[in-house]
Amino acid sequence: MVKLKARIGVVAYQGAVSEHLRALERAGAEALPVKWPRDLEGLQGVVIPGGESTVIGDAMQTWGLLDALREWVRDGGAVFGTCAGAILMATEIKNGKPDQPRLGIMPLTANRNGFGRQVDSFEADICVRGIEGSAFRAVFIRAPYFEVTDPEVEVLAAVDHKVVAARYGRHLATAFHPELTDDLRIHRLFIEMATGGQKNPG
Ligand code: GLN
């Protein structure tokens, strides 16, 4: 039997859009840019890329994608946010702009620029729960970290005791940028989550 390719969208206003599209295609999915609410039709997963969370959030609000995505998530859709994208998934944002638009689908606090301004970017070899084999080379660029208190949020990775990857039902958030390396294991994990059996909590 021929296995159908997963259809995964990438929110395509600003940030590392083409890098995610390429990584998803290489990981075996059909990858499509998402700008309009109607672009969500037929997708199993949506990636919100890194970039600038205030800019991406404003654009998502302007184009009607925030409300459309919330509804799509209620119908079972899976979301993967990297860096700025992860900030937009959080219910709480520390150091955000006042009333910064957000999706707010993952019950955690994103501490924006949480590694400090003096450490603009760094790389680290980290262990990620659910990823087999060697350590994952993680690229951090003005990255947030996450504060997790909800027991339904599973911590997948930490750096210096700061949570940098977490999972909530079918949703995945990473503070780092897996699309900037050739390692496809995290994109493969998300494709599995988006097409697998686990449901969204709540
Ligand atoms: N600090 C940025 C923000 O708040 C995120 C940086 C990134 O996505 N690499 O949006």
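Order of appearance sets the numbers: ligands from 1, and atoms from 1 within every ligand.
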Exercise. In terms of side-chain geometry, is the basic nitrogen of K162 or E147 positioned less than 4.0 Å from the acidic oxygen of its partner?
Worked result: no
For this session: Evaluate the salt bridge (charged side-chain N to carboxylate O under 4.0 Å, His left out) criterion for residues R170 and E192: first the C-alpha distance (whole Å), next the side-chain angles of each, then the deciding distance (0.1 Å), finally the verdict.
Result: CA-CA 9 Å; R170 292 155 75 82; E192 255 170 53; over 6 Å; no
Problem set entry | Pairing of R102 and E92 as salt bridge, 4.0 angstrom limit | no
Exercise. Taking any residue with a non-hydrogen atom under 4.0 angstrom from an atom of ligand 1, which ones do you get?
Worked result: G50, G51, E52, S53, C83, A84, I87, R112, N113, I141, R142, H177
For this session: Treating Ile, Leu, Val, Met, Phe, Trp and Tyr as nodes and any side-chain heavy-atom pair under 4.5 angstrom as an edge, say whether W72 and Y13 lie in one connected cluster.
Result: yes
Problem set entry | Qualifying side chain to side chain donor-acceptor pair (under 3.5 Å) pairs, either residue in residues 73-89, two or more places apart | H20-T82
Exercise. So, K5 and E30, do they make that salt bridge, N to O below 4.0 Å?
Worked result: no
